[in-house]
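In what follows, a single structure is set out as structure tokens and then discussed.
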Amino acid sequence: MGRIFPKSFDKTVRGALALVAALAAGAVGLLAYFAYPTQFKTGYQPVQPVAYSHKLHAGNLGLDCRYCHTTVDRANFAAVPPTETCMNCHLRVKTQSPLLTAVRESYATGKSVPWVKVHHLPDFVYFSHQAHVGAGVSCVSCHGRVDQMVEVRQVKPLTMAWCLDCHRNPAPHVRPAEFVTKLDWQPDRDPAAIGREIIAAKHIAPPVNCSGCHR
């Protein structure tokens, strides 16, 4: 019985299948890239409903991070301040500023200001602010110099590899507890050496196994 297809047909089919596989892989890669949420990317800087300046409040005025984010050292999450916190000052300061209209309306109605979350982690990631702040990891290690930002943006990648780099070598990011929220802190000696001393004293052992962050 004669051949139905020429000898070259097998190579042609194999080549076609390889091309289809390559195109499919490329399409999946492009889809993953363009579908990746913007709010997970370094540089993400959403527009907030109120033009609140961290540079003014945390930088120029020197407000401690914990004045607004009251749970950062005692809970897994860093609380968004209620409007009452803003009005502690603004009942007396800038009381008629048009920039604070949304804040005054929130205070009058009891409806929260719809602040836009800047730093996101996937739902399958467990992260505790309390554990990190308690260990001596400063806000600046994850959030950058917020005290110099008029509008807060994400400056760190917050990826698993980035977190693991710190867990494997935490010393450069660990500082004395009293300086955790002092974002402009300048140590008088090698910060890694200070970190190693604190790690030894507190018996800090950041997990590098999967169950440490995926529970």
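- A distance-only check finds no donor-acceptor pair linking the side chain of S112 to the backbone of P114 [under 3.5 Å].
- The two residues P46 and V116 come nearest to each other via the heavy atoms CB-CG1, 3.6 Å.
- In this structure, K202 places its NZ atom where more than 12 heavy-atom neighbours from other residues, nucleotides or ligands lie under 6.0 Å away.
- Here CG of D73 is found 11.0 Å from NE2 of H129. Values are rounded to the nearest 0.5 Å.
- Considering every non-hydrogen atom in both C86 and V103, the closest pair reads CB-CG1, 4.0 Å.
- Among residues at least two apart or in separate chains, side chain to side chain donor-acceptor pair (under 3.5 Å) pairs with a member in residues 48-65 are D64-R66, D64-T181.
- Ring geometry, H143 versus H119: the interplanar angle exceeds 60°, so the pair is classed perpendicular (tilted spans 30 to 60°).
- Hydrophobic clustering (side-chain heavy atoms under 4.5 Å, transitive across Ile, Leu, Val, Met, Phe, Trp, Tyr) groups V118 together with V146.
- Distance OH/Y107 to CG/L100: 13.5 Å, rounded to 0.5 Å.
- Interatomic distance, C142 SG to K156 NZ, rounded to the nearest 0.5 Å: 8.5 Å.
- Hydrophobic clustering (side-chain heavy atoms under 4.5 Å, transitive across Ile, Leu, Val, Met, Phe, Trp, Tyr) keeps L158 apart from L164.
- Pairing each heavy atom of V180 with each of G136, the nearest pair is CG2-CA, 3.8 Å.
- Within the 4.5 Å cutoff, the side chain of V140 has no heavy atoms near those of the K182 side chain.
- Of the possible donor and acceptor atoms, none in the side chain of R153 sits under 3.5 Å from a partner among the backbone N and O of M149.
- To the nearest 0.5 angstrom, H90 atom NE2 is 11.0 Å from T85 atom OG1.
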(Q) For Q148 and L183: C-alpha separation, side-chain torsions, deciding distance, then whether side chain to side chain contact (heavy atoms under 4.5 Å, CB included) applies. (A) CA-CA 10 Å; Q148 296 179 348; L183 306 188; over 6 Å; no
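- Under a 3.5 Å cut-off, the side chain of Q45 and the backbone N or O of E151 do form a donor-acceptor pair.
- With rounding to the nearest 0.5 Å, the separation of NZ in K41 from NE2 in H120 is 13.5 Å.
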TODO: Assess whether side chain to side chain contact (heavy atoms under 4.5 Å, CB included) is satisfied between F127 and H132, documenting all intermediate values.
DONE: CA-CA 9 Å; F127 178 85; H132 288 77; 3.2 Å; yes
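- The shortest side-chain heavy-atom distance between D190 and P187 does not fall under the 4.5 Å cut-off.
- For the pair A135 and V174, the tightest heavy-atom approach, listed with the atom from each and the gap, is O-CG1, 3.4 Å.
- Counting only distance, with no hydrogens or angles, the side chain of R104 and the backbone of T95 share a donor-acceptor pair below 3.5 Å.
- D123 pairs by the side chain to side chain donor-acceptor pair (under 3.5 Å) definition with nothing, not counting sequence neighbours.
- Listed by first and then second residue, the ring-ring contact (aromatic ring centres under 6.0 Å, His included) pairs involving residues 150-192 are F179-W185 (not counting sequence neighbours).
- A chain of hydrophobic side-chain contacts below 4.5 Å, direct or via other Ile, Leu, Val, Met, Phe, Trp or Tyr residues, connects V113 to L91.
- More than 12 heavy atoms of other residues, nucleotides or ligands lie within 6.0 Å of CZ in R145, so this atom counts as buried by the packing criterion.
- Residues P206 and P170 meet the side-chain proximity criterion, which asks for heavy atoms closer than 4.5 Å.
- Counting heavy atoms of neighbouring residues, nucleotides and ligands inside a 6.0 Å radius, atom CZ of R189 exceeds 12 of them.
- Remark: side-chain polar atoms of T109 are paired, donor with acceptor, to backbone N or O of E105 under 3.5 angstrom.
- T71 places a side-chain N or O within donor-acceptor distance of the main-chain N or O of A79, the cut-off being under 3.5 Å.
- By the criterion of side-chain heavy atoms lying less than 4.5 angstrom apart, applied directly or through intervening Ile, Leu, Val, Met, Phe, Trp or Tyr residues, F124 is grouped together with L121 in one hydrophobic cluster.
- Side-chain atoms of S128 come within 3.5 Å of backbone atoms of A131 as a donor-acceptor pair (strictly under, hydrogens ignored).
- Using a 4.5 Å heavy-atom cutoff, the side chains of L99 and V50 are not in contact.
- In this structure, CG in L56 is found 8.5 Å from CG in L63, a value given to the nearest 0.5 Å.
- Scanning both residues, T101 and P98, for their nearest heavy atoms gives OG1-O, 2.9 Å.
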Open item on the list: Could you go through R175 and S138, starting from their C-alpha distance and side-chain angles, then the distance that decides it, and tell me whether this counts as side chain to side chain contact (heavy atoms under 4.5 Å, CB included)?
Closed with: CA-CA 7 Å; R175 61 176 66 182; S138 173; 3.3 Å; yes
*Stepwise side chain to side chain contact (heavy atoms under 4.5 Å, CB included) test for N76 and Y126*: CA-CA 9 Å; N76 291 336; Y126 169 80; 3.5 Å; yes
